[in-house]
Every structure is written in structure tokens, then in C-alpha cells.
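Read through the structure below, which is laid out as C-alpha cells, and then see the notes.
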Amino acid sequence: MALHRITRLSIALGSVIALAAGSVHADGNGNAEVTSAVQHDVLHSLRGTMPRPDDFSKGPRIHPLHPLPWLDGPGNPPDGALQGSASGTFAPTLGSGVDGVGNGFSGPQGSFTVNSAPPDTNGAVGATQYVQIVNTGFAVFDKATKSVVYGPVQSNTLWSGFGGPCETDNDGDATVVYDKAANRWVISQFAVTAAPYYQCVAVSATSDATGAYYRYAFPYGSVFPDYPKMGVWPDAYYETFNMFNGNTFAGAKLCAYDRNAMLNGAAATQQCFQLSTSYGGVLPADLDGSTAPPAGSPNYMLNFGANSLNLWKFHVDWANTANTTLTGPTSIPVASFSAACGGGTCVPQGGVKQKLDSLGDRLMFRLAYRNFTDHESLVVTHSVKVGTSRQNPYTGVRWYEIRTPGTSPTVYQQSTFSPDTSYRWMGSVAMDKQGNMALGYSASSSTLHPAIRYTGRLATDALNTMQAENSILEGLGSQTGSNLSRWGDYSAMTVDPVDDCTFWYTNEYLKTNGAFNWSTRIASFKFPGCQ
């Protein structure tokens with residue numbers, strides 16, 4: 001699929017786009033679209049499944065970027081929440097780290113050869129394991145030792161014997177999340193080599209990521225379901241997409257999968273709402289912690305507009321689908337910003353001319369939710385322009401904490417972390433059980449190879465501030481050759497469900513200059529006061 005350019009939608013400052021009649025496409029009666037998984041079965045043991053022998057040996061390919069029509073403030077506004085210097089305290093001390101799936105990575109199932117870009121680095125932490133997944137492969141690590149216990153294997157190994165495109169395609173855009181209430185893994189990727197298109201979803205039968213899985217294929221017809229993102233909620237697994245008719249953006253699609261049925265390997269349906277082309281890059285809330293949302297709470301979904309966030313509430317009813325509702329968006333004003341690189345490509349690298357993609361046209365995975373009993377919080381990040389010079393419009397990571405999303409959603413705190421003129425982007429943010437926050441991201445400049453860094457804040461720190469930056473790993477190479485601007489697409493900050501204190505972060509870097517030679521890193525850390 002060809003790259004297509006970003007279309008700018010201009011709107012007046014302060015205007016609020018309401019969810020007008022017709023902007024949610026349903027079944028004609030205002031109800032959600034309801035479709036069944038076209039197929040489901042059981043994989044009795046991932047450990048006992050022979051990985052496909054051919055995919056890693058295929059020639060390298062670039063996964064095309066599908067830019068979104070994005071909303072930016074008029075007149076390219078300056079950043080209104082800049083934190084240009086870090087607070088004196090350093091972010092938590094880094095624990096041991098290990099390389100993840102990438103160039104030269106090997107494990108019990110063999111070795112990995114990079115055959116695509118970007119890696120779409122993603123991971124989640126469970127009871128005893130860490131699962132990391134990239135565009136075409138994944139591996140399982142022992143949480144205590146960080147040693148690889150399974151993999152690397154092709155992602156579609158999970159659908160071996162399933163039949164159809166879920167088994168034969170290995171198209172990427174995969175994500176993994178951990179259902180903390182059920183102690184299950186949920187791994188999904190799309191199958192989009194040819195229409196009809198599918199989202200392939202596998203739910204583990206236990207907390208062992210190498211054991212049995214219940215497998216599903218949900219259909220999307222001939223409209224391409226790009227950039228799928230999942231969130232765990234008590235009543236459903238929520239999945240969001242950016243839909244494309246060919247190269248034409250068709251709006252975000254918001255779906256709910258029947259969690260209870262999928263936890264038991266039963267036949268499952270999905271309920272979906274199609275938004276208008278005014279909305280893209282929507283993320284579903286993903287539950288952290290051991291406290292569930294208040295009974296009956298809808299899933300909260302978020303994207304950004306011009307100097308605002310848009311929030312939807314998705315309430316699903318599996319007994320009577322006519323009662324399923326999507327309400328919103330509610331426009332939440334935020335400090336002014338301009339999208340990083342105008343939503344496109346401008347991030348420099350040390351020693352080479354090739355610039356990298358910012359993905360500044362969307363929020364970054366995850367939209368992390370936590371219920372503190374006395375309040376609910378959502379945290380999320382995206383990449384914004386910081387520098388005012390046309391020659392050096394460097395970028396920073398804007399982060400938000402949204403409170404009271406179920407009643408009157410409000411920005412409790414926000415800032416753009418940019419302590420110097422390096423470019424920071426590709427962030428991911430989460431909170432521990434005390435309300436301490438960790439933010440990981442990529443950092444690069446014309447004199448700096450892309451690095452993996454992080455910062456954080458204690459719940460008791462001054463609002464709107466992050467502590468001093470720490471490095472997970474300073475890159476040893478820059479991406480060059482093959483006109484390869486693709487970088488990341490996302491990274492992942494998750495929280496250990498056992499102690500609810502330890503943050504796990506994964507992102508990409510390069511060991512040497514080159515193309516299709518990326519590596520990834522997995523690291524963990526926690527604030528010393530969180531026990």
C-alpha cells in the first residue's frame with residue numbers, strides 16, 4: 001500500500017466538534033454493529049507448536065505509514081505546558097535490562113532476522129513472565145531473570161492449525177496486553193494481505209504465555225483496519241482501529257469483544273461503532289491495578305484535537321445489544337500544542353541525513369487507567385513541537401493525567417517534557433499503585449544516535465513536573481539506507497501486576513548504522529518508596 005500524505009483539517013480556535021447525527025455509523029437503528037467471530041478454536045499448547053520456518057528469512061519490507069487527518073491549533077501555536085528543565089530528583093534507578101527481539105536475537109526456538117520495519121515494539125508483564133512482540137515475531141521471558149524461555153517465533157505461530165489468513169498471514173501491528181483480573185494474556189494482530197481483512201485474537205487459558213490459547217478471527221470486510229490498539233476492561237476487550245478505504249481515511253472504528261466468552265473459549269461476538277473521518281487515533285482505556293472501575297463504568301476512549309482531548313464512553317451490553325451505547329466526544333481543553341513534525345517526519349539522527357517519523361498525529365499506546373477508589377485517573381502521552389526555530393523545531397513528549405472521566409473529565413495535570421534541545425518522541429506512560437508515574441520514550445538529535453530514556457514523578461511531586469531524565473540505553477547507531485524513516489510506531493510502559501510497583505519498558509534502538517538492523521531493549525525499575 002502506498003504512502004499517502006497527511007491532510008490537515010483546520011478548525012477555529014476553541015471550537016468543539018460535537019458528535020453530530022450520522023457521525024457514528026451503526027446498524028441503521030442507532031445500535032452497534034454486531035458481528036460474530038468467523039472462527040474460533042483452541043490451541044492446546046504453544047510450547048508444543050512447531051514455529052513456521054520461513055517468515056524470518058523473507059526479504060525486508062517497510063510497513064507503510066498511514067497518516068491520519070489530524071487537528072492542530074491554528075497558527076502553529078507554541079507549547080503551553082513546557083517543562084524545559086527537569087526537577088532536581090532523578091527518576092527511579094534502573095534495574096537490570098536485557099535485549100529483546102531484534103537483530104541477532106536468539107532463544108530456545110532459534111534466532112531472529114529483521115525482515116521488516118518498524119518493529120512496533122510492544123510488551124506486557126504478567127504474573128511470572130514478560131511477553132514482548134514486534135511486527136513479525138515474539139518471545140516470552142522469565143520475569144525474575146529476564147531470560148528468554150520461549151521464542152523467538154513468528155507471530156502467526158499462535159494461529160498454527162487455525163486455517164485462513166490468521167494462520168497464513170504474518171502482517172504485524174501486533175499488541176499484547178495482560179488481563180490482570182483474570183491472569184490471562186491477550187495477543188492480537190491483523191491479517192490484511194488481502195481482503196476480507198481480519199483481526200486475529202488469542203486469549204491464553206492460564207497465566208502461562210507458553211500454554212493453551214483460545215483463538216478468534218473477527219471480520220472487517222474490505223475496509224482496512226489499521227493500527228489496532230487493545231484495552232482490557234471488566235466487560236470486554238476493547239479494540240480501536242483507523243479504517244482506510246484504499247488510501248482514503250474512513251474514520252476510527254471502536255469495537256468491543258466479548259471478554260467473558262473468550263476467557264472460556266466460547267463463541268464470541270464483537271460490537272462496533274464507526275466514527276466519521278473527523279476522528280482518528282482513538283485509544284481504549286487499559287485497566288491497571290487490582291481495583292476494578294466502578295460497577296457499570298463504560299470504557300473510556302480518547303484522541304486529541306486542536307488544543308483538546310476528545311473522550312468517548314463505550315458501554316457494552318452483551319445480553320441486549322440494543323442497550324450498547326457510545327456517547328461523546330466530550331472535548332477536554334488542554335494547554336496549546338502543535339503536533340511534532342507537523343505529524344510527519346523530521347526527527348534527526350547522529351551522523352546521517354535520514355530523518356525519522358514522529359507519529360505526532362496520534363496519541364501513543366497505552367491509555368492507562370487506574371481506580372484509586374477516591375478518584376479515577378487516565379494517563380497518556382503524545383509527541384509535540386517544542387522549538388520555535390524553523391531550522392530546529394525539536395520535539396518533546398506531552399503527557400496528561402485526566403481525572404473524573406466518568407462524570408466531568410478534567411485535566412488534573414499536564415506538561416511537555418523537554419529538558420534540552422534533543423528530540424523526544426515515541427512515548428508511553430503508566431502509573432503505579434501509589435500514583436507515581438513513569439514515562440519512557442526515544443531521544444535523538446543531529447549529534448545523538450536514537451536512545452531509550454525515561455523519566456518519572458512521585459505522586460507527591462509538584463504538579464505538572466517530571467524528575468530528571470535517566471537513560472535505559474544510549475543508541476550506538478542511526479538508521480540509514482533504503483530511505484527508511486519508519487521508527488517505532490509505539491513503545492510500551494506497563495506495570496507489574498504482582499507488586500503493582502515495578503515498571504517495565506520496551507523500545508527500539510540500533511547497535512550500528514544501517515537499515516533493517518534494529519534491536520530492542522527491555523528494562524524494569526520502580527520508585528524505592530513503593531512496596
Side-chain angles (χ1 to χ4, degrees), residues 13-14 70-91 302-309 332-344 346-348 356 358-364 378-403 410-431 436-448 450-451 453-471 491 493:
L13 178 63
W70 51 277
L71 301 173
D72 198 8
N76 198 21
D79 193 278
L82 178 63
Q83 182 186 349
S85 61
S87 63
T89 307
F90 276 95
L302 207 67
N303 84 337
F304 72 74
N307 302 326
S308 66
L309 298 172
I332 308 169
V334 302
S336 62
F337 66 86
S338 297
C341 307
C346 78
V347 178
L356 299 176
S358 69
L359 267 78
D361 60 353
R362 65 199 71 191
L363 294 176
M364 290 281 95
L378 294 163
V379 293
V380 74
T381 184
H382 63 110
S383 305
V384 299
K385 175 184 173 182
V386 176
T388 56
S389 166
R390 181 172 296 180
Q391 288 73 35
N392 186 26
Y394 56 97
T395 63
V397 283
R398 169 70 69 87
W399 59 272
Y400 307 95
E401 180 185 357
I402 307 299
R403 290 195 176 182
T410 304
V411 176
Y412 178 70
Q413 57 177 332
Q414 61 183 316
S415 75
T416 297
F417 187 72
S418 181
D420 57 37
T421 57
S422 293
Y423 288 62
R424 290 169 177 81
W425 84 112
M426 206 58 62
S428 186
V429 64
M431 270 184 172
N436 308 317
M437 197 180 303
L439 171 63
Y441 45 86
S442 294
S444 188
S445 73
S446 59
T447 59
L448 175 70
R453 296 180 181 175
Y454 70 104
T455 185
R457 55 169 281 110
L458 292 168
T460 54
D461 287 346
L463 292 179
N464 311 311
T465 63
M466 285 287 174
Q467 299 177 0
E469 181 177 72
N470 266 358
S471 175
S491 61
M493 183 72 75

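Residue numbers run from 1 in the order of the sequence given.
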At their closest point, which heavy atom of [X] faces which heavy atom of [Y], and how far apart are they?
{"X": "Glu469", "Y": "Arg453", "answer": "OE1-NH1, 3.0 Å"}
{"X": "Leu302", "Y": "Val380", "answer": "CD2-CG1, 3.9 Å"}
{"X": "Leu82", "Y": "Ser418", "answer": "CD1-CB, 3.9 Å"}
{"X": "Gly360", "Y": "Phe304", "answer": "O-CZ, 3.4 Å"}
{"X": "Tyr454", "Y": "Ala91", "answer": "CE1-CB, 3.9 Å"}
{"X": "Asn436", "Y": "Ala459", "answer": "OD1-N, 2.9 Å"}

Note, [X] side chain near [Y] side chain (heavy atom, < 4.5 Å):
{"X": "Phe90", "Y": "Gln467", "value": "no"}
{"X": "Tyr423", "Y": "Leu448", "value": "no"}
{"X": "Trp425", "Y": "Ser444", "value": "yes"}
{"X": "Ile402", "Y": "Val411", "value": "yes"}
{"X": "Thr421", "Y": "Ser445", "value": "no"}
{"X": "Val379", "Y": "Trp399", "value": "no"}

Would you compute the distance between atom [atom1] of [X] and atom [atom2] of [Y] and round it to the nearest 0.5 angstrom?
{"X": "Leu359", "Y": "Met426", "atom1": "CG", "atom2": "CE", "result": "5.0 Å"}
{"X": "Ser415", "Y": "Gln83", "atom1": "OG", "atom2": "CD", "result": "4.5 Å"}
{"X": "Thr455", "Y": "Phe417", "atom1": "OG1", "atom2": "CZ", "result": "4.0 Å"}

Donor-acceptor pair, distance only, cut-off 3.5 Å: does the side chain of [X] make one with the backbone of [Y]?
{"X": "Gln414", "Y": "Ala335", "result": "yes"}
{"X": "Thr410", "Y": "Arg403", "result": "no"}
{"X": "Asn307", "Y": "Val334", "result": "no"}
{"X": "Thr381", "Y": "Ser428", "result": "no"}
{"X": "Ser338", "Y": "Lys385", "result": "no"}
{"X": "Ser358", "Y": "Ala340", "result": "yes"}
{"X": "Ser308", "Y": "Ile332", "result": "no"}

Run the salt bridge (charged side-chain N to carboxylate O under 4.0 Å, His left out) test against Arg398 and tell me which residues pass, sequence neighbours left out.
Asp79
For Asp420, enumerate each residue passing the side-chain contact (heavy atoms from CB on, under 4.5 Å) test, keeping only those at least two apart in sequence or located in another chain.
Ser422, Arg424
Stepwise side chain to side chain contact (heavy atoms under 4.5 Å, CB included) test for Thr465 and Arg457:
CA-CA 7 Å; Thr465 63; Arg457 55 169 281 110; 3.6 Å; yes
Tell me whether the rings of His382 and Tyr400 are parallel (<30°), tilted (30 to 60°) or perpendicular (>60°).
parallel
Please determine whether side chain to side chain contact (heavy atoms under 4.5 Å, CB included) holds for the pair Val429 and Tyr441, giving the CA-CA distance in whole Å, both sets of side-chain angles, and the decisive distance to 0.1 Å.
CA-CA 9 Å; Val429 64; Tyr441 45 86; over 6 Å; no
